[in-house]
Amino acid sequence: MITVTDRRVAVWQKKINVNVKVAGSGPPVVFLHGAGGLEWTEFLDTLATRHTVYAPVHPGTTAGDPDAIANLDNLWDLVLYYYEVLDALGLRSVPIIGHSFGGMVAAELAASNPERVSKLAMICPIGLWRDDTPIPNWMIVTPASDIVKLLLYEPDGPIAKQMFGESNTETVIKTVWSMACTGKFVWPIPDKGLKKRIHRIQAPTLLLWGKQDKLVSPVYAQEFASRISGAKIEFIDKAGHLPFVEHPARVAGLVEDFLLA
Amino acid sequence: MYISTFHLMPHRELPDDFEKRYQSVWVTPPFHELADAKRVGQYYNWTLDELIAAAKAGSDGVCTNEHHQNAYGFMPSPNMMGSVLARATQGLNCAIVQMGATLPATQPPIRIAEEYAMLDSISGGRLVAGMPLGTSQDLNLCYGISPIEQRERYREAHDLIIKAWTSREIFAWNGKYTQLPMVNLWPRPIQQPHPPIWVPGAGSTSTFAYAAERDHCYCFLSYFGFKSASYSVREKYWKVVEEKGRNQNPYRLGFLQLVGVSETDAQAEKDYAKHVEYFYHKMLHLPAEWLGVPGYQDYQSMANSFRNPMIANAFMSLKEKRYKDFLNDGYVACGSPATVRDQLKDLSESLRVGNLMVLLQIGSMPHELALKNIELFFREVAPALRPIWDDEWENHWWPAGLRRKVHRGATA
């Protein structure tokens, strides 16, 4: 049984007191969540059996401190802020796994200071843009409940029911604010210049992509891989934008192998 | 009471099944399927003619506002309309009420300071400077402004505009969203230190506080009528005004009301029912999600509106309502002159409204009918409403040259 603890880390002139979920033992790995916020799932539990998993929440989404987001103006601030979070956790050079928005942040960290990111695993990251394959804007999906069709291979399946079945007001509030705080760095088009910086990534890189991802099309896997030397792609069949939720054992296995290699 | 005529410049001829065939009146309606550029030119001219007719009929002000990519009201530049109105109303005691140019949509924001100063100059000091935040669908969806930054952009633009109007010295502006090395505004407004400022809003407490702190007039733009606004205005707005140490001058509050006047109540129903229904069924046909993209409201306001979805529920149930419901629920004030007078007196007293704005061209209402409504309203209704508040309060949020004398001790 994995115990997940909450740790508060004060950074950015102590103006941001961010919550970091920590679990497991072994070599460290950082997980950066997507636009919808952090959910501790089976995937992270599995990783925590052989690693110490650090999962900071995006600034502004720590309970009780929604205005923390006002201290970071742009992507440059966010990247520097994350170096401070890594410093505060005592992580000099660490593997980072990022999903979607978190994947973009992980790529920016690895590109801006290759020494800080020892391995980079991105799960359906955003950050690049093709006019022929635009990424639907997840913040304005209407009706809002249709988001499940963009996220999951089986929008009517058991995972959908578990994640989106009951509409709980407090969960909605949490998700909306997480989208607001992450949206600050990518609105209205999630292309903020990574293409100019991505070539600087030196970390061994693994890209994991749901073969049926309807939010960020799998064509973007090649867009990322072609710009990062030696990057490997693993497509997950019967998975949408949340492959680590849809197939936790398979994705955790691939990530484990990558981290241990 | 001061009464201004508001116009949205709507598409008046959408197909009957518009709301079934199309996703939204805002952001996504296809222009070439739904409109014709020459016909749209006619709408703009009708709009201007109706506002000028209102000014000639005795309207204290004429109001235009800014919206984008929609058939609901498409004046992307209210200042272009205001400019025509300023010129065409020369010699009339009519304020040019810009409700107005959306602050976070204009970069650099001194453009608004310049254009408003031009309007104040052209009109001979008759400008009311509206400073809207802008809707989520306009600013976030159409103009790409990051929702979570919108209010901060607004506040910075507000401060810059006022400094640009009032500073005698050239200054450098080192803002987060705008940096300017040498601000030295030409022209300057006639009204000194600056034209009166109105802050339009939809009832959020943070905007109440913002307007009260800065001593601006807050204008409640609600389509759900004065009955639904009553709690928010009485229990929140006027309390916030008091907490901020301001007096209870009713001219601190503006309120927008849809109005239809006819010879009798029955005739009003014949004249206006279908246009009122067109307005609520088609003009407000847009996904509720687009009214507030994540970040558009601050955390607390957003959490409140999910926990107590009063406005969202009212919005979602519009299409179930018919004319009689809109009338009974006070969304619209329609009827004979006596009926409308009573409703608007009730409105002004229950909300403590000094600056009333009336929407007299509603949705599909054709030009001739709009002119009839305007004529009847200002001849039969407005004269009875004007004296309200005049015995006690001066409208400090009105161009000084157009203010009426306060008759202390006179009865309202």
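Chain letters run A, B, ... following the sequence lines, proteins first, then strands; residues in each count from 1.
- Taking the six-membered ring wherever Trp is involved, the centroid distance between the rings of B:F220 and B:Y237 does not fall below 6.0 Å.
- For residues 283-290 of chain B, heavy-atom neighbours of chain A at less than 4.5 Å comprise B:P287, B:E289, B:W290, sorted by residue number.
- In terms of non-hydrogen atom pairs under 4.5 Å with chain A, the most contact-rich of B:E149, B:Q300, B:K176, B:Q297 is B:K176.
- B:A209 approaches B:V240 most closely through the heavy-atom pair CA-CG1, 3.6 Å.
- For B:N140, the parts lying under 4.5 angstrom from a heavy atom of chain A are both the backbone and the side chain.
- Nearest heavy atoms, A:F164 versus A:V148: CD1-CG2, 3.6 Å.
- Ring-centre distance between A:F185 and A:H58: below the 6.0 Å cut-off.
- For A:I69, the part sitting under 4.5 Å from any heavy atom of chain B is the side chain, from C-beta outward, and nothing else.
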Take B:H11 and B:Y72, measure what side-chain contact (heavy atoms from CB on, under 4.5 Å) needs, and give me the verdict at the end.
CA-CA 6 Å; B:H11 191 313; B:Y72 153 92; over 6 Å; no
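- Taking the ring centre of B:F208 as origin, the terminal cationic atom of B:K236 falls outside the region bounded by 6.0 Å and 45° from the ring axis.
- Heavy atoms of A:D73 lying under 4.5 Å from chain B belong to its backbone as well as its side chain.
- Among the candidates B:S136, B:G295, B:S305, B:G144, the residue making the largest number of heavy-atom pairs closer than 4.5 Å to chain A is B:G144.
- Proximity to chain B involves both the backbone and the side chain of A:V176, based on heavy atoms less than 4.5 angstrom apart.
- Across every non-hydrogen atom of B:S146 and A:G183, the tightest pair is OG-O, 4.3 Å.
- Heavy atoms of B:L141 lying under 4.5 Å from chain A belong to its backbone as well as its side chain.
- Residue contact with chain B, scored on non-hydrogen atoms closer than 4.5 Å, involves the backbone of A:V141 exclusively.
- The choice from A:K184, A:K174, A:M179 that makes the most heavy-atom pairs within less than 4.5 Å of chain B is A:K184.
- A donor-acceptor contact closer than 3.5 angstrom is absent between the side chains of A:Y82 and A:E108.
- For B:F326 and B:F279, the gap between ring centers reaches or exceeds 6.0 Å.
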Go through the steps for A:L38 and A:N19 under the test side-chain contact (heavy atoms from CB on, under 4.5 Å), then give the verdict.
CA-CA 11 Å; A:L38 178 64; A:N19 194 58; over 6 Å; no
